[in-house]
Amino acid sequence: MKQTLFKSVFLVLFFVLPTLLVAQGAITGNVTSAADGLPLPAVNVVVKGTTVGTTSDFDGNYEITVNDFPATLVFSSLGYASQEAEVSEATTLNIALEESATGLEEVVVTGLATSVKRENLANAVATVSAEELAGVTPPQTLDGALAGKFAGAQITKSSGAPGGGISVKLRGITSVNGNAQPLYIVDGVYVNNNSVAGAGLNAVSGAAAGGSASNQDNPSNRIADLNPDDIASVEILKGASAAAIYGARAAAGVILITTKKGQAGKTKVSVSQAVGFNNIIRYRGVRDFTATTAEAVGEGQGALFTAARNNGTLVNYEEEIFGEDGFISNTSASVSGGSENTQFYAGFTNNEEAGIVKGTGYDKKSIRLNLDHRLWDDRVKLGLTTNYLNSSANRGFFNNDNTGTTIGVALTSTPPWAQLFPDENGNYPDNPYGSSNPLQTRDLITNNESINRFIVGGSVDASIFQNEKQNLKLILRGGVDYYELVTTAIFPKELQFQKASNGGVNGLTALGTTENKDANYSAFLVHNYFTNNNINFTTQAGITKQTFSQNTVRNRTTNLIGSETNVDQGANFNVNQFRLEQEDSGFFVQEEVNYQDKIIGTIGVRGDKSSNNGDANELFYYPKASMAVNIHNFGLESDVLSQLKVRAAYGEAGNFAPNGALFTAYTSSLIDGIVGITVPGTLGDPSISPERQKELELGLDIGLLKNRVSLELSYYIKSVDDLILQANNEPSSGFSNIWANAGNLENKGIEAALNANVFQSENFSWDTGIIFFKNKSEITQLDVEPFDTGGFGTGLGTFRIEEGKSVTQIVGNDENGDVVVLGNSEPDFQMTFTNNFKYKNFDLAFLWHWKKGGENINLSNLLFDFGQTSGDYDDLTLDPAGETPNGDFRIGAFLGGNAAPFVEDAGYLRLREVGLFYTLPSKILDTAFSGFVSNIKIGLSGNNLINIFDYNSYDPEVSNFGSNGLSTGVEVTPFPTSKRFLFHVSVGF
C-alpha cells in the first residue's frame with residue numbers, strides 16, 4: 001500500500017514539478033542607457049498586467065520573480081522611452097533604454113501628492129518637455145516659450161521689449177475683473193506671477209486718464225524671471241476638471257513646473273553658448289511724401305521737405321528708432337550626478353539681450369542647486385530645490401500716452417524732414433512737430449525694472465508602512481518665494497517736455513520698491529492598497545496653508561534740483577503705498593480606484609478658506625470626479641491598435657475677489673492744510689463670494705501602430721459662476737460703481753492633437769505633430785446693465801459685457817452713431833504644426849503657428865493718421881468708392897464717431913521656432929578627446945523668422961493693458977516684437 005502511494009506521488013511530481021519550475025522563476029539582468037552605456041539606477045521593472053515589480057539598483061542590476069510564464073516585462077524610467085520584453089522562462093535579460101522626451105509624458109501629476117500614468121489619465125493634461133521648451137531655440141522667457149506648444153492657450157505679449165510681460169489664458173477668459181492668469185507651481189512651490197507697476201510712467205504719460213483707469217505702466221509679469229534651461233518638464237492643467245485639487249486659486253488653470261534633478265552615476269558636465277542678434281519683425285512703414293503732401297502737413301512744410309530731400313537729410317525715423325540689431329548672448333553650465341543615496345544638480349545661466357531700440361535690453365542671471373537624499377534603505381527621501389535669480393530690464397517709454405511724450409506717440413507726428421539729432425555738444429533741439437523729441441527721450445530717460453529673487457522648496461517623503469498588499473506614505477512640503485523688485489524712472493529736466501518753458505515739471509524721478517514674500521506648507525498621507533484581483537486603491541488626504549505678503553512703496557519727485565536723480569533732490573514729492581497680507585488654508589481628500597489599468601476612477605474634494613473672503617472662516621468646497629476606460633486593455637490591443645481610451649472629468653475651482661472688492665477703500669485728502677479722508681467712487685461688498693469655475697471635459701485617445709500614431713480629442717464646457725464685476729451704480733447712492741457677484745459666463749471648446757512617427761530607420765527619422773483648438777465664450781447671465789470695459793470708449797472700439805454675447809466682443813459706433821459689434825478678440829481657431837527630422841547626426845526642427853481670426857483695436861493707426869505719417873496714408877484701399885485716401889478715410893470715420901476702421905483682423909501665420917543642429921560623431925570625439933568629451937553639438941536657430949499677416953502694424957500679438965483680464969488686443973504705439981537669430985555650441989563631459 002505504502003509502495004503504491006509512494007509510486008503515485010513520485011509519478012505526479014515527475015510530471016508536474018518541471019511544469020511548476022517552468023511556470024515560476026527569477027529574471028535577472030542589467031539596465032543601461034543606450035546613449036552612453038552607463039548603468040541606470042531606479043528603473044521600474046514590472047510584470048505587465050500585475051502589480052509585481054522591482055527597481056534596478058545603483059549599478060543598474062535588477063531581479064524579479066515571475067509567477068507565470070510566458071510574461072511581458074515593462075522597463076520604464078523618467079526621461080527614457082519605455083521598453084517591453086517577453087520572457088518564456090527564467091533567464092538573464094539585459095536592457096538598454098533609449099532617451100526620449102516623450103518619456104517625460106508617461107507619468108502625470110493628478111493630485112497634490114500623487115501621479116498617474118498618462119495611459120490612465122482622465123484629462124487632457126498637456127506636457128511640454130525640456131527639449132520642446134528650449135531645445136530648438138532659447139526663449140526670452142518661460143511663458144513665451146509655451147506659445148504654440150500645446151492646445152488651449154492664447155498667449156499675448158504686452159511688450160515686445162526683451163523681458164516684457166506676457167498674458168497666458170487657458171481655455172478662454174475665466175474672469176472679467178479678477179485674475180485671469182494661471183497658477184504656477186515650481187517643484188511644489190507656489191510661485192508669484194504678479195505684474196507690479198511701480199515705474200511711475202503714468203505720471204509722465206497720463207495714460208490712465210484717457211478713458212481707461214487701469215494701470216498702463218507696462219510692467220512685466222514675474223514668471224518671466226524663471227530660467228527655461230533649468231526646467232525638465234511643464235504640465236498644464238487647463239481647466240477645473242484637472243485643477244480642482246488646487247481649489248480657490250485654480251480657476252484660470254495650473255501650470256506645474258518640474259526642474260532638472262541629478263541622476264545616480266557618472267557626474268555629467270554640460271556647457272553651452274549661444275550668440276546672435278535680433279531685429280524688428282516688420283516695420284509699419286512711413287509715408288512716401290511729396291512736396292504737395294508735405295505742404296498739407298502745414299504751411300511751409302513743402303519747402304522744408306524739398307530742401308531736406310535735396311540735401312539728403314530726409315530721415316526714416318521709424319528705422320532710426322527701431323533699427324538696432326540687438327546682440328544676444330546666452331551662457332549656460334550645469335553639473336549633475338551623485339551616488340545611490342545622494343543626487344545633485346547645479347546650474348548657472350547668464351542671458352543678455354539688447355533690444356531693437358537703443359538703450360533697451362534684458363540681463364538675467366540664474367543659479368540653481370537641487371539636492372535629493374535617501375535615508376534608511378530608501379524609507380525616507382529628502383528633497384531640496386534652491387534658485388537665485390537676478391534680472392535687469394530696460395524697456396524704454398512706449399504704449400498709450402495722453403501727453404504726446406512717449407517715443408511711440410512722438411514718432412507718429414514726426415515727418416522725415418524734421419531735424420532732431422543732437423549738435424556737437426550733445427544738445428537736442430525741440431521737436432516742432434510734437435511734445436517731445438523721440439531721439440532725446442530714447443537717449444536720456446531711464447526706465448529700469450530690476451529683481452533679486454529667491455525660490456526655495458523642501459520635501460520629505462517617508463514610508464511609514466509597507467507590505468505586499470499596501471503601503472502608507474507621509475509627504476511634507478514647504479516653500480518660499482521671495483523677491484525684491486526695484487523700478488526706477490528718470491526723466492531729466494533737459495527733456496523737451498520736462499522744460500519749465502514748455503510747461504514741464506523741470507524733471508521727474510520715480511523710485512518704486514516692492515518686497516514680496518509667499519510661503520506654502522502642506523502635509524499629505526497617501527495610502528495604496530492592492531487586492532488579489534489587481535485592483536489598486538490610492539487614497540490621499542492632506543492639509544495646506546499659504547501666506548502672501550506684499551509691500552509696494554512708490555516715491556516720485558518733480559522739479560529736480562540741478563541734475564540730481566535722488567528722489568529727495570526735488571521740490572515736490574508724492575508717496576503712495578500698497579500693502580497686502582493674505583492667509584489661505586484648506587484640506588483635500590481624493591480616492592483613486594484602478595481596475596487592472598482598464599477602468600480608472602477618481603473622486604475628490606478640496607476645501608479652502610481665506611482672509612481674502614468676507615468671512616475668513618468660511619470654507620468653500622471644490623469637488624472633482626473623473627473616469628478613464630482603457631478599452632484596448634480588454635483584450636483588444638494588437639499591432640494596429642495600441643490604445644483606445646474614453647474619458648470624462650468634472651471639477652470646480654475658485655478665483656478670489658480682486659483686491660479692494662470686499663471693502664470700500666477711503667483715500668486721504670489735504671485741503672487748506674487740514675488732513676482728512678475722501679469717499680471713493682467705488683463701493684465694496686464684504687459678502688462677495690469667490691468666482692467659481694465648473695468644467696466638464698469629455699475625451700477620446702487613440703494610439704495606433706505601437707503608438708507611432710496617436711490622436712487626442714477633447715471637448716469641454718467651462719462655466720464661471722458668480723462673476724465679480726465692477727458695474728455702474730445708482731448715482732443717488734453716492735457711489736458711481738459697485739463690486740458685486742453679478743453674472744455668469746461660459747466657454748465651450750474643442751482640442752485635437754495628432755502626433756506621428758512618420759518614418760523610422762537607422763539613419764533617418766521623421767516625427768510630426770498637429771494641434772488644433774478653438775474656444776467660444778458667452779455671458780450667460782448678467783444681473784447689471786451691460787457695460788464697457790478694457791478700452792477707450794465706443795468711439796474708438798471697446799469691449800462690452802452683455803448677456804447673450806461673447807465676453808470678448810468688441811463694440812463701437814458705426815457711421816450712424818449706433819453701437820454695433822465690430823469684432824471679437826477671440827480667434828476663430830488656432831493650429832500649430834511641428835516637425836522633427838533626424839538624418840544621421842543632423843537634426844532639423846521647426847514649429848509653425850496659425851492663428852485664424854480674432855480682432856485687435858489698432859489705435860496706432862489713429863495716431864499716425866492724425867500725424868499724417870501713416871505708411872498707407874495715400875493708398876485707396878479702404879474707401880469703397882476708391883476716392884478718399886486711407887488716412888483721410890480713417891480720420892473722417894473717427895470724427896464722425898465711426899470706430900470700424902480701427903478694428904482689424906489680428907490673424908497670422910508664423911514660423912515661431914526653427915533649429916538646425918549637428919552632433920559630432922562619437923568616434924571623432926573619442927579620437928580627439930580620449931573619451932573626456934561625451935558630446936559636442938553645434939547649430940543655428942531662430943524665432944519669428946517668417947511672419948505672414950495683413951494686420952496694419954508691427955505685430956498682431958499686442959496688449960496695451962498688460963497681462964490680465966480680457967483687454968489684451970488693444971494697441972497704442974507698442975514696443976515692436978523682434979525676430980531672433982542664434983548660433984549654438986554645446987559640450988558635454
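Note that this is a predicted model, so its numbers are computed, not measured. Values reported hereafter were calculated over all heavy atoms of this structure, with side chains retained and with hydrogens, waters and symmetry mates removed.
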Hydrogens and angles aside, do [X] and [Y] bring a side-chain donor and acceptor to less than 3.5 Å of each other?
X: Asn747; Y: Asn775; answer: yes
X: Asp597; Y: Asn120; answer: yes
X: Asn533; Y: Tyr595; answer: no
X: Glu591; Y: Thr539; answer: yes
X: Asn528; Y: Thr538; answer: yes

Would the distance check show the side chain of [X] and the main-chain N or O of [Y] forming a donor-acceptor pair, the cut-off being under 3.5 Å?
X: Arg118; Y: Val125; value: yes
X: Arg379; Y: Ser463; value: yes
X: Glu695; Y: Ser241; value: yes
X: Asn467; Y: Lys469; value: yes
X: Thr768; Y: Thr834; value: yes
X: Ser56; Y: Leu40; value: yes

So, using ring-ring contact (aromatic ring centres under 6.0 Å, His included) as the criterion, who are the partners of [X] when residues are at least two apart?
X: Phe772; result: Phe829
X: Tyr62; result: Phe75
X: Phe344; result: none
X: Phe150; result: none

Whether over 12 other heavy atoms sit under 6.0 Å from [X] [atom1]:
X: Ile543; atom1: CD1; answer: no
X: Lys598; atom1: NZ; answer: yes
X: Lys260; atom1: NZ; answer: yes

Of all the heavy-atom pairs spanning [X] and [Y], show the shortest one and how long it is.
X: Ala252; Y: Leu170; answer: O-CD1, 3.6 Å
X: Ala90; Y: Ile27; answer: CA-CD1, 3.7 Å
X: Ile231; Y: Ala130; answer: O-CB, 3.2 Å
X: Ala264; Y: Ser339; answer: CB-O, 3.3 Å
X: Val380; Y: Ala462; answer: CG2-CB, 4.1 Å
X: Gln343; Y: Glu340; answer: NE2-O, 3.1 Å

Can you find a heavy atom in the side chain of [X] that is under 4.5 Å from one in the side chain of [Y]?
X: Gln596; Y: Asn633; answer: no
X: Asp372; Y: Lys381; answer: no
X: Thr544; Y: Asn520; answer: no
X: Val758; Y: Asp767; answer: no
X: Thr54; Y: Glu63; answer: no
X: Val66; Y: Leu73; answer: yes
X: Asn471; Y: Phe530; answer: yes
X: His527; Y: Leu525; answer: no

*Inter- and intrachain pairs under salt bridge (Lys or Arg N to Asp or Glu O under 4.0 Å), touching residues 245-255, at least two apart*: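 Listed by first then second residue: Arg249-Asp584.
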_Can you pull out every salt bridge (Lys or Arg N to Asp or Glu O under 4.0 Å) where at least one residue sits in residues 702-722? Sequence neighbours excluded, please._
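Listed once each, the pairs are Lys694-Asp721.
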*Quick one: do Glu746 and Ile717 satisfy side-chain contact (heavy atoms from CB on, under 4.5 Å)? Show the steps, please.*
CA-CA 7 Å; Glu746 182 178 77; Ile717 302 176; 3.8 Å; yes
*Report the residues that fulfil side-chain hydrogen bond (donor to acceptor under 3.5 Å, both in side chains) with Asn707, sequence neighbours left out, ordered by chain and then residue number.*
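For Asn707 there are no side-chain hydrogen bond (donor to acceptor under 3.5 Å, both in side chains) partners, ignoring immediate neighbours.
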*Who pairs with Gln693 by side-chain hydrogen bond (donor to acceptor under 3.5 Å, both in side chains), at least two apart in sequence or on another chain?*
none
Just how far is it from atom [atom1] of [X] to atom [atom2] of [Y], taken to the nearest 0.5 Å?
X: Asp639; Y: Leu705; atom1: CG; atom2: CG; value: 9.0 Å
X: Leu700; Y: Leu644; atom1: CG; atom2: CG; value: 6.0 Å
X: Leu384; Y: Asn370; atom1: CG; atom2: CG; value: 7.5 Å
X: Glu132; Y: Ser233; atom1: CD; atom2: OG; value: 10.0 Å
X: Thr258; Y: Asp230; atom1: OG1; atom2: CG; value: 12.5 Å
X: Asp701; Y: Leu713; atom1: CG; atom2: CG; value: 8.0 Å

*Hey, can you tell me if Tyr621 and Phe587 have their rings parallel, tilted or perpendicular (30° and 60° cut-offs)?*
perpendicular
Can you name the residues that form a salt bridge (Lys or Arg N to Asp or Glu O under 4.0 Å) with [X], not counting sequence neighbours?
X: Glu751; answer: Arg171, Lys238
X: Lys838; answer: Asp843
X: Lys261; answer: none
X: Glu84; answer: Lys48

*Indicate, with yes or no, if the rings of Phe524 and Phe588 have centres closer together than 6.0 Å.*
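So the answer is yes for these two rings.
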*Show the numbers, then the answer: is there a side chain to side chain donor-acceptor pair (under 3.5 Å) between Asp187 and Thr259?*
CA-CA 7 Å; Asp187 294 326; Thr259 60; 2.4 Å; yes
*Determine, stepwise, if the pair Tyr715 / Lys748 fulfils side-chain contact (heavy atoms from CB on, under 4.5 Å).*
CA-CA 8 Å; Tyr715 169 77; Lys748 295 181 180 179; 3.9 Å; yes
_side-chain contact (heavy atoms from CB on, under 4.5 Å) between Asn341 and Leu375, worked out_ = CA-CA 7 Å; Asn341 291 327; Leu375 298 172; over 6 Å; no
*Residue that, paired with Ile255, satisfies side-chain contact (heavy atoms from CB on, under 4.5 Å) out of Ile185, Leu146, Leu183*: Leu146
